[in-house]
Amino acid sequence: MPRKRKEREAEQLESEPPEAKPASAKAKRKAKEVEERDDSAPALYLLKSEPDEFSIDDLAARPQQTEPWDGVRNFQARNIMQRMKLGDQCLFYHSNTKEPGVVGICEVVKEAYPDETALDPESPKHDPKATADKPRWFMVDVKLVRKLKRIVPLKELKQHSNGSLEGMVLLSKGRLSVQPVTQPQWDFIMELAEHEPADES
DNA sequence: GCCAACGTTGGC
DNA sequence: GCCAACGTTGGC
């Protein structure tokens with residue numbers, strides 16, 4: 001029975017990471033990236049949330065200012081999340097709202113573990129394909145580090161899409177809800193947050 | 001509310 | 001294995 005390609009790809013994504021499998025060129029590249037990663041520095045990411053659902057202020061109001069990042073239902077996003085390590089830093093991004101943009105920083109305080117909302121038939125996020133044995137979806141816990149002095153709006157980030165933020169995933173793969181961020185991109189956004197927005201006219 | 005972009009599903 | 005149809009995301 002020939003496997004459907006998309007299905008195979010999805011399963012590949014599902015069973016990744018970690019640990020060795022035959023290893024495509026892509027997988028090797030990824031392994032090399034991990035190997036070369038400087039373990040002394042936390043990795044950097046961006047997490048999207050719709051503030052109507054869960055905002056940076058909701059995170060700030062939580063006990064311990066900590067929350068499980070549940071509900072991710074995209075393989076690529078999940079795989080990125082599964083690579084997160086304790087202490088990795090994440091930009092908190094407000095999406096699907098009046099003023100979308102980066103609003104704060106949070107930190108990984110618990111590495112990937114099964115997302116129980118996928119297993120719960122009562123949950124709107126329930127996934128019938130998820131089982132206790134093969135949970136399929138994972139989440140991390142994040143803790144608020146700080147809110148930024150001001151929101152750095154998407155509109156403003158876009159103004160630098162051919163400059164300091166060239167190649168930023170947010171600007172090319174707009175829909176991915178968990179994304180890697182590079183150190184220069186991170187630093188630049190921090191810099192933006194410290195200053196008043198540049199005059200747009 | 002509209003719609004473009006993109007991921008997923010399923011027929012063949 | 002291709003691709004059309006469908007669903008979701010998210011900016012505007």
Side-chain angles (χ1 to χ4, degrees), chain A residues 1-17 22 24-27 30 45-59 67-84 90-104 106 112 114-115 117-131 134-140 142 148 150-181 185 188-189 192-193 197-198 200-201:
Chain A
M1 191 205 295
R3 308 290 299 285
K4 293 170 181 161
R5 183 170 55 86
K6 289 292 183 184
E7 199 176 289
R8 220 183 331 107
E9 281 174 4
E11 278 181 22
Q12 247 170 39
L13 287 168
E14 281 195 64
S15 51
E16 172 209 7
S24 60
K26 197 175 164 192
K30 194 169 286 168
Y45 300 95
L46 179 148
L47 296 172
K48 282 190 202 171
S49 183
E50 303 191 11
D52 289 347
E53 305 277 326
F54 186 75
S55 72
I56 187 97
D57 290 323
D58 293 328
L59 181 61
E67 182 79 357
W69 204 263
D70 61 16
V72 172
R73 296 292 182 270
N74 170 284
F75 294 124
Q76 215 184 330
R78 182 207 60 187
N79 292 342
I80 292 167
M81 228 171 25
Q82 284 185 288
R83 295 202 293 272
M84 290 182 177
C90 307
L91 297 174
F92 195 118
Y93 178 89
H94 280 173
S95 70
N96 205 7
T97 185
K98 199 163 189 179
E99 191 168 41
V102 178
V103 292
C106 57
D115 180 342
T117 65
L119 300 169
D120 176 8
E122 301 303 309
S123 168
K125 285 291 192 169
H126 177 239
D127 178 356
K129 288 186 182 173
T131 64
K134 293 194 79 180
R136 193 146 121 124
W137 302 112
F138 292 82
M139 58 193 180
V140 298
V142 297
L148 298 183
R150 66 175 181 99
I151 182 173
V152 180
L154 176 62
K155 196 171 46 173
E156 193 174 335
L157 299 176
K158 280 181 169 172
Q159 291 169 8
H160 302 280
S161 60
N162 291 319
S164 302
L165 297 180
E166 188 162 16
M168 185 170 181
V169 179
L170 184 71
L171 305 176
S172 52
K173 288 202 166 182
R175 289 185 50 189
L176 191 57
S177 64
V178 179
Q179 326 177 342
V181 173
Q185 289 162 1
F188 186 75
I189 293 168
L192 289 179
E200 263 180 69
S201 56

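Only this structure's heavy atoms are used, side chains among them; waters, hydrogens and symmetry mates stay out. We name chains A, B, ... by the order of the sequence lines, and we start the count at 1 in each one.
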Roughly how many Å is it from [atom1] in [X] to [atom2] in [N], rounded to a whole number?
{"X": "Arg73(A)", "N": "dT9(B)", "atom1": "CZ", "atom2": "C1'", "answer": "18 Å"}
{"X": "Leu157(A)", "N": "dG11(C)", "atom1": "CG", "atom2": "P", "answer": "11 Å"}
{"X": "Lys48(A)", "N": "dT8(C)", "atom1": "NZ", "atom2": "P", "answer": "17 Å"}
{"X": "His94(A)", "N": "dT9(C)", "atom1": "NE2", "atom2": "P", "answer": "17 Å"}
{"X": "Gln179(A)", "N": "dT9(C)", "atom1": "CD", "atom2": "P", "answer": "15 Å"}
{"X": "Trp137(A)", "N": "dG7(B)", "atom1": "CH2", "atom2": "C1'", "answer": "10 Å"}
{"X": "Phe75(A)", "N": "dT9(B)", "atom1": "CZ", "atom2": "P", "answer": "6 Å"}
{"X": "Lys125(A)", "N": "dG7(C)", "atom1": "NZ", "atom2": "C1'", "answer": "13 Å"}

Return a table of donor-acceptor pairs under 3.5 angstrom between the side chains of residues 91-99 of chain A and protein atoms on other chains or two or more places apart.
| unit_1 | atom_1 | unit_2 | atom_2 | d |
| --- | --- | --- | --- | --- |
| His94(A) | NE2 | Ile56(A) | N | 3.1 |
| Asn96(A) | ND2 | Glu50(A) | OE1 | 3.4 |
| Asn96(A) | ND2 | Glu50(A) | OE2 | 3.3 |

Any donor-acceptor N/O pair, [X] side chain to [Y] backbone, under 3.5 Å:
{"X": "Asp115(A)", "Y": "Gly71(A)", "result": "yes"}
{"X": "Arg150(A)", "Y": "Leu192(A)", "result": "yes"}
{"X": "Asp120(A)", "Y": "Thr117(A)", "result": "no"}

key: Side chain to side chain, Lys158(A) and Leu171(A), heavy atoms closer than 4.5 Å   =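 With C-beta onward as the side chain, the pair touches.
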request  = Side-chain contact test, heavy atoms from C-beta onward, threshold under 4.5 Å: evaluate it for Met84(A) versus Val178(A) and give yes or no.
outcome  =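 Counting from C-beta outward, Met84(A) and Val178(A) do come under 4.5 Å.
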message = Need one value for Lys98(A): base, sugar-phosphate or nothing, where a base atom within 4.0 Å counts as base even if backbone is also close, heavy atoms only.
response =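 No contact at all - Lys98(A) keeps every heavy atom at 4.0 Å or more from the nucleic acid.
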inquiry  = So if I take every side-chain heavy atom of Glu50(A) and compare against dG10(C), dG11(C), dG7(B), which nucleotide ends up nearest?
reply    =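 Selected nucleotide (nearest to the side chain): dG10(C).
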Among dG7(B), dC12(C), dG10(C), the one nearest Gln76(A) by side-chain distance =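 The answer is dG7(B), which lies nearest to the side chain.
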ask   = Would you call Lys125(A)-Asp70(A) a salt bridge at under 4.0 Å N-O?
value =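 Salt bridge absent between Lys125(A) and Asp70(A).
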5' priority, DNA chain B, between Asn74(A) and Asn96(A) [closest heavy atom] =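 Nearer the 5' end of the strand: Asn96(A).
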message = Using OP1 and OP2 only, check whether a side-chain N or O of Tyr93(A) sits under 4.0 Å from dT9(C).
response =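 No, outside the criterion.
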request  = Please check the phosphate of dT9(B) (OP1 and OP2 only) for any side-chain N or O of Lys129(A) closer than 4.0 Å.
outcome  =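 The answer is yes; a side-chain N or O of Lys129(A) sits under 4.0 Å from OP1 or OP2.
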Name the pairs: protein N/O against N/O of nucleotides 2-6 of chain B, kept only if under 3.5 Å.
| unit_1 | atom_1 | unit_2 | atom_2 | d |
| --- | --- | --- | --- | --- |
| dA5(B) | N3 | Arg175(A) | NH1 | 3.0 |
| dC6(B) | O4' | Arg175(A) | NH1 | 3.3 |
| dC6(B) | O2 | Arg175(A) | NH1 | 2.2 |

